[in-house]
Asker: 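The structure is given below, and queries will be raised subsequently.
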Protein chains: 2
Amino acid sequence: MTVGIRHDDLRRRNRAMVISAVRRNGQTSRTEIAAVTSLSHSTISAISSDLISEGILAEARHEQLALKRGRPQVALALEPKAAVVMTVVLSLNFLAATLLDYAGEIVAEEQHRLDTRAMPREDLIGECVAIVRRKLDDPRRDGRRVLRIVLAIQGITDAPARAMLWSPITPHTDIAFADILEREFSVPVTVENDCNMMAVALRWRDPERYRNDFIAILLSHGIGMGLVLKGELFTGTHSSGGEFGHMIHRPDGALCRCGRRGCIEAYAGNYAIWRNARRMDENAEPVDDIGEADMRALADAARDHDGPEREAYRKAGEALGFGLGSLFALIDPAPVAMVGASAAAFDLIEPALREAIARTAGGHHSTSISFDTEPDELALLRGGCAMRALTFVDNEIFAAGNPAQMELAAGHEMA
Amino acid sequence: MTVGIRHDDLRRRNRAMVISAVRRNGQTSRTEIAAVTSLSHSTISAISSDLISEGILAEARHEQLALKRGRPQVALALEPKAAVVMTVVLSLNFLAATLLDYAGEIVAEEQHRLDTRAMPREDLIGECVAIVRRKLDDPRRDGRRVLRIVLAIQGITDAPARAMLWSPITPHTDIAFADILEREFSVPVTVENDCNMMAVALRWRDPERYRNDFIAILLSHGIGMGLVLKGELFTGTHSSGGEFGHMIHRPDGALCRCGRRGCIEAYAGNYAIWRNARRMDENAEPVDDIGEADMRALADAARDHDGPEREAYRKAGEALGFGLGSLFALIDPAPVAMVGASAAAFDLIEPALREAIARTAGGHHSTSISFDTEPDELALLRGGCAMRALTFVDNEIFAAGNPAQMELAAGHEMA
DNA sequence: CTCTTTTTTTCGAGCCTCGAAAAAAGTGTG
DNA sequence: CACACTTTTTTCGAGGCTCGAAAAAAAGAG
């Protein structure tokens with residue numbers, strides 16, 4: 001806020017700018033970078049020659065860019081050998097780790113099932129540590145230093161992204177994953193909410209559509225949200241925030257998994273749809289495990305004939321619609337992506353959702369609000385984590401480029 | 001976003017930093033500025049001597065600061081003669097304009113009643129133009145150039161802050177006040193939402209309490225909100241946003257002034273409290289005019305005995321509580337200021353509000369959420385507009401300090 | 001093989017911030 | 001009342017950074 005800008009900040013920021021331009025475009029020339037950053041050619045030339053000599057960027061003669069007259073543009077690309085990062089995804093009964101090079105290509109990956117809900121605390125932590133260790137020891141890492149680990153988890157994380165506070169995947173709470181992994185491996189770690197990482201991934205995957213303001217909603221057992229405002233991930237001010245699923249739809253309404261009543265999730269989460277489709281009382285204790293096949297059967301039944309199944313999806317749509325309407329009243333409409341396996345049933349949800357949203361203040365232009373479905377949540381999740389880790393390296397480590405920092409990076413470990 | 005930082009930006013930002021340090025503290029020394037900005041003493045010295053020679057700052061020997069040994073600190077203060085700004089407040093049946101010097105002292109002001117709801121469009125605009133003209137012609141302006149006009153208005157404004165789109169104070173819509181006034185007076189103008197300006201004022205009035213994240217809620221005929229997140233006014237992404245009063249409290253519930261059903265305002269606005277206290281149907285058409293005395297009588301009745309009046313305030317509290325709970329689920333709790341004449345009845349609202357918020361996901365620490373009441377909304381409104389106008393001059397005009405810009409400022413008008 | 005076009009690098013100029021040292025403007029003390 | 005001490009402010013040269021202009025490089029066109 002009040003802190004002045006010093007002379008060295010200038011170089012740091014402009015280095016970051018150059019790196020980010022290359023990361024966004026995959027391959028760019030110095031001329032293009034000069035154009036988008038509105039810095040002079042001389043400056044870009046100086047910075048990129050520094051970055052190349054530091055082994056962060058590399059010239060790649062692979063250009064299909066300029067078939068014009070004149071000296072052809074030299075493509076700049078990220079140097080894959082500059083570093084590697086790791087992503088870890090921990091979700092219900094599932095653990096995966098991926099090692100990626102600095103250019104974002106997958107170097108090694110591993111995933112397997114495990115019974116997260118029944119595991120003792122120490123075993124859960126142990127499995128995470130073990131999978132990280134195996135990936136760190138993977139020969140394909142080829143001696144490249146690991147500069148960042150990002151762990152994505154369903155549930156609530158703390159604001160500095162260092163701990164899981166609560167998660168539906170385990171009864172255990174307050175697990176300081178970042179501290180644990182940093183102590184073990186001396187690599188900087190953050191713990192991120194899964195929906196936030198999906199939003200990050202959407203932004204990289206389709207920057208045209210998901211530019212400065214958009215919403216990713218995870219339709220799953222529970223309801224999650226990732227929110228990007230003004231081009232930045234909005235993570236609440238203290239904890240992870242963005243608990244869209246626990247906005248109140250009907251005061252004193254249906255029983256939610258969180259113990260409260262009337263949350264959106266208590267109408268739109270898988271367990272809520274299940275409960276309504278089975279004509280159970282809306283105060284019935286939420287069921288824990290509903291197989292994907294069961295949900296698909298429910299959706300098929302709803303498509304097939306009018307009945308409690310169809311009504312259950314209608315109620316889900318209504319809850320989501322009023323919730324989005326309230327959200328839009330606060331932040332103005334934005335594109336929405338419906339993510340997750342249950343997004344495949346969005347056709348059943350959408351009519352009631354649009355009908356509800358049109359009756360709210362946020363629904364001014366309800367017909368112009370666009371919904372997109374992305375059934376493959378795991379792919380998004382991994383992609384988002386990868387970009388989160390890589391941009392951290394870009395902005396926090398390589399942009400600084402001060403000798404101490406680089407020295408540290410050159411050793412294979414960080415304090 | 002992607003734009004690089006050039007050499008002159010650096011000076012501009014550091015100049016802005018110095019000016020803002022002086023504006024915040026009223027009087028500061030160079031040493032203090034160096035401390036808070038973490039810039040070197042030489043830099044601060046150079047910048048402040050520039051600012052003094054440009055007539056933006058002035059040395060004021062008025063120090064009660066350092067009674068220590070050593071050379072006494074020289075106080076720096078804003079030079080009142082550097083410029084003047086104007087604020088215009090247009091609310092229900094009321095119009096006011098204030099001229100302030102660069103240090104924020106009131107130079108001239110004027111206010112009067114007028115029947116905004118019955119006035120033809122041209123008359124409403126005409127009154128605003130006339131009051132601005134009278135203040136511009138005020139001899140107390142003393143030749144100082146007017147560098148900014150901020151007009152605050154109840155209702156919805158567009159995002160670039162140039163037009164009033166809709167307002168409860170007049171049947172007319174889409175009045176491009178900024179363009180109209182700029183054409184007339186050649187001074188840059190913005191049109192701001194009243195609740196947003198109140199939030200701005202709170203931040204300046206009590207920076208300890210209202211720092212980076214807080215909420216100002218206007219309890220009045222309608223319900224408005226100003227939201228500050230991460231130290232910045234959050235104004236939605238397209239239009240003015242922040243329509244807290246029109247979040248949905250009960251789907252298909254009570255009739256709101258906006259024509260929809262179940263909005264928070266339809267339970268907590270003055271007309272809603274009135275409607276409930278009179279045991280009218282909750283779908284009864286909202287009453288337009290309720291005098292302040294009538295509302296006070298209602299509140300007194302509610303304090304005196306249990307009955308429909310007390311129940312009406314309870315319902316208002318419940319609606320506000322669930323609404324805040326949903327809001328807090330999204331953005332995490334923050335201090336709340338209840339602003340406006342009706343905030344004087346907050347004692348009647350608070351119990352039900354707290355009870356409701358405790359039943360929401362955002363109410364984790366409901367007891368620690370603090371509410372503050374600020375009955376004098378007009379004072380806040382004026383103060384907020386003044387700071388908005390002055391900081392614009394600070395950051396957009398004086399921070400740049402380039403010859404062209406300064407030349408422009410020296411002439412008494414801007415293009 | 002030479003000319004034209006476009007990209008990239010080189011080089012000196014002009015700012016800006018910084019640290020160190022000097023100057024300034026007081027207070028305490030014998 | 002002079003002198004030492006303390007703290008603030010200014011001065012000055014050094015070091016960095018970006019910029020514009022010019023030069024060099026690397027093609028295609030004729």
Asker: Check whether A:F398 forms a cation-pi arrangement with A:R12 (NZ or CZ under 6.0 Å from the six-membered ring centre, at most 45° off the ring normal).
Answerer: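 Pair A:R12/A:F398 does not count as cation-pi.
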Asker: Under a 4.0 Å threshold between the charged nitrogen and the carboxylate oxygen, would A:K230 count as salt-bridged to A:D213?
Answerer: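 No, no charged N to carboxylate O under 4.0 Å.
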Asker: Could B:R203 and B:Y210 be counted as a cation-pi pair, given that NZ or CZ must be under 6.0 Å from the ring centre and within 45° of the axis?
Answerer: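 Judged by the rule, B:R203 and B:Y210 form no cation-pi pair.
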Asker: Map A:I44 and B:D8 onto DNA chain C by nearest heavy atom, then report which one ends up closer to the 5' terminus.
Answerer: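 It is A:I44 whose nearest nucleotide is closer to the 5' end.
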Asker: Could you go step by step and tell me if A:K81 and A:D101 meet the salt bridge (charged side-chain N to carboxylate O under 4.0 Å, His left out) rule?
Answerer: CA-CA 7 Å; A:K81 293 196 287 293; A:D101 66 29; over 6 Å; no
Asker: Between C:dC18 atom C1' and A:L10 atom CG, what is the distance in whole Å?
Answerer: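 To the nearest whole Å, that distance equals 15 Å.
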Asker: Mind calculating the distance between CD1 (B:I47) and P (C:dC15) to the nearest angstrom?
Answerer: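 Taking CD1 of B:I47 and P of C:dC15, I get 16 Å after rounding.
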Asker: Salt-bridged, B:E396 to B:R148, with N to O below 4.0 Å?
Answerer: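 No.
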Asker: For B:R13 and C:dC16, what is the distance between atoms CZ and P respectively, to the nearest whole Å?
Answerer: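 It works out to 15 Å between those atoms.
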Asker: Could you tell me whether the side chain of B:Q27 and the main chain of B:A77 form a donor-acceptor pair under 3.5 Å?
Answerer: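 Side chain of B:Q27 to backbone of B:A77: no pair is present.
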Asker: Measure the distance from CZ on B:R12 to C1' on C:dT17 and round it to the nearest whole Å.
Answerer: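 In whole Å, C:dT17 C1' lies 17 Å from B:R12 CZ.
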Asker: Would you check if the side chain of B:R141 reaches a backbone N or O of B:R144 as a donor-acceptor pair within less than 3.5 Å?
Answerer: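 A pair under 3.5 Å: yes.
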Asker: Could you state the CZ-P distance from B:R6 to C:dC16, rounded to the nearest angstrom?
Answerer: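 In whole Å, C:dC16 P and B:R6 CZ are 13 Å from each other.
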Asker: Check nucleotides 11-16 of chain D for protein N or O atoms closer than 3.5 Å to its own N or O atoms and list the pairs.
Answerer:
residue : atom : partner : partner atom : Å
D:dG15  : N2   : A:H7    : ND1          : 3.4

Asker: To the nearest Å, how far apart are A:D9 CG and C:dT17 C1'?
Answerer: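 Distance, rounded to whole Å: 11 Å.
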Asker: Within this structure, what is the CD1-to-C1' distance between A:I52 and C:dT8, rounded to whole angstrom?
Answerer: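 The answer, rounded to whole Å, is 11 Å.
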Asker: Quick one: B:D50 CG to C:dC15 P, roughly how many Å, whole number?
Answerer: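 Roughly 13 Å, once rounded to whole Å.
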Asker: Between B:S40 and A:R30, which is nearer to the 5' end of DNA chain C once each is assigned its nearest nucleotide?
Answerer: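 Here A:R30 is the residue nearer the 5' end.
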Asker: Using a cutoff of under 3.5 Å, can you pull out all pairs of nitrogen or oxygen atoms linking the protein to nucleotides 2-6 of chain C, with atom names and distances?
Answerer:
residue : atom : partner : partner atom : Å
C:dT4   : O2   : A:R69   : NH2          : 3.0
C:dT6   : O2   : A:R71   : N            : 2.9

Asker: Return the set of residues passing side chain to side chain donor-acceptor pair (under 3.5 Å) with A:E105 (not counting sequence neighbours), or none when no residue passes.
Answerer: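 Not a single residue meets the side chain to side chain donor-acceptor pair (under 3.5 Å) criterion with A:E105.
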Asker: Taking the side chain as C-beta and beyond, is there a heavy-atom pair between A:L151 and A:M86 under 4.5 Å?
Answerer: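 No, side chains not in contact.
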Asker: With heavy atoms under 4.0 Å as the rule, sort A:N14 into base, sugar-phosphate or nothing.
Answerer: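 Answer is sugar-phosphate: A:N14 comes under 4.0 Å of backbone atoms only.
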